[in-house]
Amino acid sequence: MRRMGDAPALFDAVALTCLRGRRLVFEDLAFRLDAGGALMLVGPNGAGKSSLLRVLAGLIEPLSGAIRWDGEDVTADREAHRARLAFVGHLDAVKPAFTVRETLEVWAGLFGAEAVSAETLDAAMDAWGLDALAHVRGAELSAGQKRRAALARLMLQDRPLWLLDEPTTALDAASVATLERLVAEHRGRGGLVVASTHGGFAMPGATVLDIADFQAEAA
Amino acid sequence: MIAAAFLAMLKRDVRLALRQSTDLGMILGFFVIAASLFPFGVGPNPETLARLAPGIIWVLALLAVMLSLDRLFQSDWEDGSLEQMALAPAPLSVIVLAKATAHWLTACLPLIAVAPVIAVMLNLPAEAYGVLLAGLALGTPTLSLIGAVGAALALGARKAGLLIAVLVLPLYIPVLIFGVTAVDAHLTQISVSAHFLYLGALLAAAAPLCPWAAAAAIRHSVG
């Protein structure tokens with residue numbers, strides 16, 4: 001998977017090792033992605049898929065190894081790295097007191113996207129079928145509706161790197177199809193996607209990375 | 001971009017606090033009810049109450065601010081909002097500063113507005129009102145900032161509210177001392193400028209240091 005000497009990949013990791021508490025989650029993990037590439041993380045529960053995604057997002061420091069964007073270590077400029085990624089984790093970040101539209105407006109503002117026009121917001125709401133829910137408060141949303149609101153964030157941010165942690169949890173079949181279509185469009189524009197899944201989510205042509213292959217030997 | 005993120009965060013937190021204004025009502029209720037206990041506890045003698053009034057008002061303001069701190073980060077941490085804030089391109093310390101500012105606007109400012117009511121109840125001499133309110137206005141932003149550090153450190157703790165109290169109350173002592181002695185000094189015709197300068201210095205130190213420390217604690221908790 002690691003090909004030394006080639007032109008630098010757009011996004012790659014080498015010899016990545018992650019320690020959480022006193023447990024070595026994975027070690028010597030490596031991958032490389034070029035423009036339009038996708039990485040599908042598989043593995044049993046607790047194998048470290050979420051940990052890897054959090055390491056890639058910069059939320060957790062790896063014990064060793066390097067993550068590089070365009071050949072440059074992402075720790076060199078963390079703000080630039082944060083400005084190029086969009087992360088959807090297990091938690092949806094939907095406030096009970098805000099309506100769906102307000103939630104999206106808040107995130108658009110916080111991600112420094114003053115340029116997010118009402119049309120972009122409408123397009124994001126439309127793509128995820130949130131129009132009818134625009135004025136419904138977060139407290140009244142179902143789990144799947146909250147997840148759709150969280151995924152709609154991806155469309156407000158315009159980031160080249162999407163990090164998705166089991167994005168299809170609680171989604172119905174139509175929404176999974178929407179996500180697959182949006183991921184394909186994103187990759188068509190040269191964007192990258194790293195997603196973990198337990199199945200039911202397809203990314204054609206994605207590199208499959210089984211975290212269990214990088215598990216530390218049982219001591 | 002940093003200013004835009006600051007304003008977006010400030011607007012969000014103020015709006016959220018106004019939506020959940022029962023929280024604010026309860027804190028103000030605590031402030032007034034706790035103050036009304038003192039005439040029962042120490043007796044209704046007007047001179048005694050007047051002597052104790054600045055200290056009572058300041059201590060209760062401290063406790064009321066402390067009670068409102070758990071909403072600063074806790075719910076955002078639980079629902080994943082804090083994680084997204086930590087991933088925003090703007091520095092996390094700027095976001096923390098915006099949240100502390102919103103906390104001051106929605107928790108401390110109402111306390112300052114209610115303080116004269118309590119001052120009347122406790123028979124504080126009329127000429128001390130100005131100094132009391134000016135001291136609160138200068139001292140409470142420091143309380144919000146220090147509180148942000150305590151609230152960030154307590155994220156994920158089992159009894160977060162108690163832990164915040166233990167972490168934060170000792171650090172509130174300097175603000176309490178200069179806030180109360182300013183009122184006493186004014187009542188004994190001594191210049192209050194030294195006390196206000198100390199309160200200002202505390203704020204000047206807290207404004208850059210506390211958001212930075214709280215941001216470090218948040219990065220640790222969302223990891």
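Values in this document were obtained by computation on a predicted structure and should not be read as measured data. Below, chain A is the first sequence line, B the second, and so on; all start at residue 1.
- Across A:Leu110 and B:Ala8, no two heavy atoms sit closer than the pair N-CB, 4.1 Å.
- Taking a 6.0 Å sphere around NE2 of A:His90, one finds it holds more than 12 heavy atoms contributed by other residues, nucleotides or ligands.
- Ranked by heavy-atom pairs under 4.5 Å with chain B, the first of A:Glu79, A:Lys95, A:Arg54, A:His81 is A:Lys95.
- The most heavy-atom pairs under 4.5 Å with chain B, out of A:Arg78, A:Glu102, A:Arg84, come from A:Glu102.
- Of the listed residues (B:Met85, B:Glu78, B:Arg219, B:Glu83), the greatest number of heavy-atom pairs within a distance under 4.5 Å of chain A belongs to B:Glu83.
- The number of heavy atoms from other shown groups lying within 6.0 Å of CD (A:Glu72) does not exceed 12.
- Nearest heavy atoms, A:Leu59 versus B:Ala86: CD2-CB, 4.3 Å.
- Only the backbone of B:Ala90 comes within contact range of chain A, with heavy atoms under 4.5 Å apart.
- Proximity to chain B (any heavy atom under 4.5 Å) is shown, for A:Val55, by neither the backbone nor the side chain.
- For B:Asn123, the CG atom counts as densely surrounded, since its 6.0 Å shell holds more than 12 non-hydrogen atoms of other residues, nucleotides or ligands.
- The most heavy-atom pairs under 4.5 Å with chain A, out of B:Leu7, B:Ile2, B:Asp76, come from B:Asp76.
- Nearest approach of A:Val94 to B:Asp79, heavy atoms of both residues: O-OD2, 3.9 Å.
- B:Pro89 has its side chain within reach of A:Arg159: a pair of non-hydrogen atoms, C-beta onward, lies under 4.5 Å apart.
- Side chain of B:Gln84 to main chain of A:Phe87: a donor-acceptor pair is present (N/O by atom type, distance under 3.5 Å, no hydrogens or angles).
- Contacts of A:Arg153 with chain B are made by side-chain atoms alone, with heavy-atom separations under 4.5 Å and no backbone atom involved.
- Residues of residues 12-22 of chain B lying under 4.5 angstrom from chain A, judged on non-hydrogen atoms, are B:Arg12, B:Arg15, B:Leu16, B:Arg19, B:Gln20 in numerical order.
- Other residues, nucleotides and ligands place more than 12 heavy atoms under 6.0 Å from the CZ atom of A:Phe98.
- Close approach to chain B, defined as a heavy atom under 4.5 Å from one of its heavy atoms, is seen in no residue of residues 122-142 of chain A.
- The contact between A:Arg20 and chain B is made entirely by side chain atoms (from C-beta outward), counting heavy-atom distances below 4.5 Å.
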